[in-house]
Amino acid sequence: MKVDVLLGLQWGDEGKGKVVDVLTPRYDVVARFQGGPNAGHTLEFDGQKYVLRSIPSGIFQGDKVNIIGNGVVLDPSLFKAEAEALEASGHPLKERLHISKKAHLILPTHRILDAAYEAAKGDAKVGTTGKGIGPTYTDKVSRNGLRVGDILHNFDKKYAAAKARHEKTLKDLHFEYDITELERQWMEAIEYLKEFNLVDSEHEINNLLRDNKSVLCEGAQGTMLDVDFGSYPFVTSSNTVCAGACTGLGIGPNKIGEVYGIMKAYCTRVGSGPFPTELFDETGKKMRDLGHEYGAVTGRERRCGWIDLVALKYSIMVNGVTQLIMMKSDVLDTFPIIKACVAYKVDGEEIDYFPFDINDGVEPIYTELPGWNCDMTKMTSEDEFPEEFNAYVSFLEEQLETPIKIISVGPDRDQTIERYKED
Ligand code: GDP
Ligand code: IMO
Ligand code: MG
């Protein structure tokens, strides 16, 4: 019996998909517990690249069961497109993918409401992915949502009532839209969804645990986007932190073992909101170019900057991270100097903790380390790491008081190096 949780510690896109795929052979089940198609999790192996939005990243490894948990919000249309593309590429899903009946449905009008609310916010917009995430979670919490299980009984009536409520709001907002085609595809996708195993996933997971099976929970987004602990209000609408795995799957907290925290060797953010270490110069542009920092879902440019240890310490604390995974180390291969933010200056005062609000005037204070100036992408063992890279890793481990157990040196499944193997 074992449940481990893997989650992002920054503003998302840390490389969760890649590592879940790498770790899946060690588990019986992989489960998503929050978020929805706002996620874009990229995997590369055998010269192929896949981007997953709603389907867990354990789907490519053998016959492992993959679960979409109750904490997830599901858009049937996007799910159908994603599932059909996977099936067409030779990865049958129907037997292995189980979907919680308690997961909430993203309606076509939720997507339109997302656009309408963003338009109404003007310059203060969140820069959402436009997938209807906020409006769907809002309906869930205000007890107006529709769930996957609802499609099995008397669905038309429930759908019509929700749609009418949304249309009234859209009218009040004077928002122009055309729902016809979106709705047609969505209704078709509802029928497609019925072909899957729609389950009571909390029972399923706990039965599996009782039978000594192991579960890997796959986080989406990142801790700095968590609705409680992130850079509010520039956040997503779910709990991306470890506790979200308990509520999003029906797992008791005492069942959680390892908490893998993933970070990049630097930092990125997409959408609006504060980002203390953001670089607006050539160095930031170089990170974006070398790291191919463009959104996996929206194609938007990701903002880039140095690693922020103040924010990372906070993320490690609120998640109870037991081990770190550092991604995209190779992107820094040609940087002569590497910087790490070790404190903030706020109102002229230096602080080393993450404050209530980072929306105004947070100035990063950096420690500089020498770069390693060599190609790490072909390395296969930590014995090959250059001295300067080892010094960077040791510095981070010391500052963060947590071991970095996996280091990624490229997007491919094989470009993954484990440390402390004797453990
Ligand atoms: P996720 O949302 O956390 O799964 O991350 P994304 O897939 O949105 O973004 C991570 C991007 O970095 C993807 O394009 C990956 O293929 C790529 N990637 C992952 N690990 C590495 C790495 O170690 N080096 C490089 N260069 N790219 C990586
Ligand atoms: P993965 O799982 C990066 C960001 C959006 C926006 C904010 C709110 O791939 O790491 P939403 O559509 O959720 O209401 O948008 O959150 N955001 C992400 N940024 N990676 C993600 O997912 C994200 N999911 C949402 O850009 O700023
Ligand atoms: Mg992503």
Side-chain angles (χ1 to χ4, degrees), residues 6-22 32 34-45 48-54 56-57 72-73 75 106 110-111 113-115 117-118 125-138 218-227 230-238 240 262-275 287-303 325-333 375-377 379 406-417:
L6 182 145
L7 41 80
L9 299 180
Q10 297 164 320
W11 276 283
D13 301 329
E14 295 89 351
K16 298 174 290 291
K18 167 178 163 164
V19 181
V20 168
D21 171 61
V22 169
R32 278 274 306 266
Q34 47 69 232
N38 48 348
H41 294 181
T42 315
L43 292 80
E44 284 190 39
F45 55 90
Q48 296 288 322
K49 179 170 162 172
Y50 301 89
V51 179
L52 300 174
R53 292 169 157 192
S54 302
S57 302
V72 171
V73 289
D75 181 327
I106 302 176
H110 282 133
R111 265 162 89 170
L113 280 169
D114 196 353
Y117 290 140
E118 283 284 88
K125 71 172 195 245
V126 176
T128 71
T129 58
K131 299 290 179 286
I133 304 297
T136 307
Y137 278 115
T138 302
E218 173 180 4
Q221 291 78 56
T223 303
M224 288 291 122
L225 290 169
D226 180 271
V227 67
S231 49
Y232 195 87
F234 300 100
V235 293
T236 190
S237 300
S238 65
T240 64
I262 301 207
M263 61 195 191
K264 286 180 185 172
Y266 49 101
C267 194
T268 63
R269 166 162 212 173
V270 59
S272 325
F275 180 4
M287 279 178 191
R288 177 155 50 247
D289 289 347
L290 294 177
H292 305 292
E293 295 295 359
Y294 296 91
V297 172
T298 57
R300 288 183 293 176
E301 260 189 15
R302 293 180 186 148
R303 301 152 64 191
I325 299 175
M326 185 161 85
M327 311 300 289
K328 304 192 98 161
S329 314
D330 55 296
V331 173
L332 299 185
D333 278 354
D375 179 2
M376 289 189 66
T377 57
M379 293 183 183
I406 296 178
I407 287 179
S408 174
V409 294
D412 196 273
R413 197 188 256 177
D414 294 335
Q415 291 171 299
T416 315
I417 299 172

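For ligands, and for the atoms within them, numbers begin at 1 and follow the listed sequence. Remember, it's a predicted structure, so these values are computed and weren't measured experimentally.
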Counting only N and O atoms by type, is there a donor-acceptor contact under 3.5 Å from the side chain of R32 to the main-chain atoms of S57? no
Which residue and non-hydrogen atom of the protein lie closest to atom 2 (O) of ligand 1, and at what distance in Å? G40 O, 2.9 Å
Would you say OH of Y232 has more than 12 non-hydrogen atoms from neighbouring residues, nucleotides or ligands within 6.0 angstrom? no
Any idea which atoms of ligand 1 are less than 4.0 Å away from a heavy-atom of R302? 8 (O), 9 (O)
For ligand 2, the portion of F234 having any non-hydrogen atom under 4.0 Å away: neither
Could you name the option among T42, D330, L43 that has the heavy atom nearest to atom 24 (N) of ligand 1? D330
Are the charged groups of E301 and R288 less than 4.0 angstrom apart, N to O? yes
In terms of atom number and element, which parts of ligand 2 are under 4.0 angstrom from non-hydrogen atoms of A220? 2 (O)
Just to check, does G8 reach to within less than 4.0 Å of ligand 2 when the distance is taken from its heavy atoms? no
In terms of atom number and element, which parts of ligand 2 are under 4.0 angstrom from non-hydrogen atoms of G127? 5 (C), 6 (C), 26 (O), 27 (O)
Does R302 reach ligand 2, in the sense of a heavy atom lying below 4.0 Å from it? no
Could you tell me which atoms of ligand 2, counted from 1 in the order shown, lie closer than 4.0 angstrom to a heavy atom of V126? 8 (C), 27 (O)
Say whether E14, considering both its backbone and side-chain N or O atoms, lies within less than 3.5 Å of an N or O atom on ligand 1. yes
If you compare all heavy atoms of F275 against all heavy atoms of R303, which two are closest, and at what distance to 0.1 Å? CE2-O, 3.5 Å
Going by heavy atoms, is R53 under 4.0 Å from ligand 1? no
Taken to the nearest 0.5 Å, the spacing of T42 OG1 from L52 CG works out to 8.5 Å
Would you kindly specify which portion of Q10 sits under 4.0 Å from ligand 1, judged on non-hydrogen atoms: side chain, backbone, both or neither? neither
Are any of the N/O atoms on E14, whether in the backbone or the side chain, positioned under 3.5 angstrom from an N/O atom of ligand 2? no
W11 neighbourhood, listing ligand 2 atoms whose heavy-atom distance to it stays under 4.0 Å: 3 (C), 19 (N)
Pairs of nitrogen or oxygen atoms closer than 3.5 Å, one from Q221 and one from ligand 2: do any exist? yes
Within the structure, does I133 bring an N/O atom to less than 3.5 angstrom of an N/O atom in ligand 2? no
Kindly indicate whether the side chain of V331, heavy atoms from C-beta on, has any atom under 4.5 Å from the side chain of H292. no
Below 4.0 Å, non-hydrogen atoms only: which portion of K16 touches ligand 1? Side chain, backbone, both or neither. both
Taking only non-hydrogen atoms of H41 and a 4.0 Å limit, the atoms of ligand 2 in range are 1 (P), 2 (O), 9 (O)
Please indicate whether any nitrogen or oxygen in R269 is less than 3.5 Å from any nitrogen or oxygen in ligand 2. no
Which residue and non-hydrogen atom of the protein lie closest to atom 13 (O) of ligand 2, and at what distance in Å? T236 OG1, 2.6 Å
Closest heavy-atom contact between V126 and V235? CG1-O, 3.9 Å
State, yes or no, whether a side-chain contact exists between H41 and V20 at a heavy-atom distance under 4.5 Å. no
Any heavy atom of G8 sitting closer than 4.0 Å to ligand 1? no
Within 4.0 Å of some non-hydrogen atom of G410, the atoms of ligand 1 are 20 (N), 21 (C), 22 (C), 23 (O), 24 (N), 25 (C)
Based purely on interatomic distance, does G12 place a nitrogen or oxygen under 3.5 Å from a nitrogen or oxygen of ligand 1? no
What is the distance from atom OH of Y137 to atom NE2 of H110, rounded to the nearest 0.5 Å? 12.0 Å
Within the 4.0 Å heavy-atom shell around R300, which atoms of ligand 2 are there? 5 (C), 26 (O)
Paired with S408, the side-chain hydrogen bond (donor to acceptor under 3.5 Å, both in side chains) test is passed by just one of Q415, E14, K18, namely K18
With heavy-atom distances below 4.5 Å as the criterion, would you say the side chains of T268 and M287 are in contact? no
Please state whether H292 comes within less than 4.0 angstrom of ligand 1, counting heavy atoms only. no
Which residue and heavy atom of the protein sit nearest atom 10 (C) of ligand 1, plus the separation: D13 O, 3.7 Å
Flag side-chain contact, heavy atom, 4.5 Å: P37 against I106: yes
Shortest protein contact, atom 27 (N) of ligand 1 (heavy atom only): K328 CE, 3.4 Å
Using a strict cut-off of 4.0 Å, indicate which atoms of ligand 1 neighbour a heavy atom of K18. 20 (N)
Need the ligand 2 atom indices (1-based, order shown) with element for anything under 4.0 Å from a heavy-atom of A39. 1 (P), 2 (O), 9 (O), 22 (O)
Check this for me - ligand 2, K131, N or O atoms closer than 3.5 angstrom, yes or no? no
Between CD1 of I262 and CG of L7, what distance do you get to the nearest 0.5 Å? 8.0 Å
Rounding to 10°, state the angle centred on the Mg ion (ligand 3) that links OD1 in D13 with O in G40. 160°
Test your reading of the model: is there a side-chain donor-acceptor pair from Q221 to the backbone of T236, 3.5 Å cut-off? no
Suppose we measure from atom 20 (N) of ligand 2 to each protein heavy atom; which comes out shortest, and what is that distance? D13 OD1, 3.1 Å
I want to confirm something. Looking only at heavy atoms, which of V73, V235, L225 is nearest to atom 8 (C) of ligand 2? V235
Can you tell which part of E44 has a heavy atom less than 4.0 Å from ligand 1: side chain, backbone, both or neither? side chain
Sub-3.5 Å donor-acceptor pair from the side chain of N38 to the main-chain atoms of T129, do we have one? no
Salt bridge or not for D75 and K131, using N-O below 4.0 Å? no
For ligand 2, which is the ligand I care about here, please tell me if N38 has any N or O atom under 3.5 Å from one of the ligand's N or O atoms. yes
How close does the nearest protein non-hydrogen atom get to atom 4 (O) of ligand 1, and which residue and atom is it? G17 N, 2.9 Å
Has ligand 2 got any nitrogen or oxygen that is less than 3.5 angstrom from a nitrogen or oxygen of S237? no
Of the protein's non-hydrogen atoms, which lies at the shortest distance from atom 23 (O) of ligand 1, and what is that distance? S408 OG, 2.5 Å
G127 backbone acceptor or donor facing E118 side chain under 3.5 Å: yes
Hey, which atoms in ligand 2 end up nearer than 4.0 Å to a heavy atom of K16? 1 (P), 2 (O), 10 (O)
Would you say T128 and D114 are linked by a side-chain donor-acceptor pair, where the criterion is simply a distance under 3.5 Å? yes
Any N or O of T128 closer than 3.5 Å to N or O of ligand 2: no
Does only the side chain of L290 get under 4.0 Å from ligand 1, or the backbone, or both, or neither? Count heavy atoms. neither
Is the backbone of Q10 close enough, under 3.5 Å, to the side chain of R269 for a donor and an acceptor to pair up by distance? no
Is the terminal nitrogen or CZ of R413 (NZ for Lys, CZ for Arg) located under 6.0 angstrom from the six-membered ring centre of F45 and within 45° of that ring's axis? yes
Distance filter under 4.0 Å to M327 heavy atoms, resulting ligand 1 atoms: 20 (N)
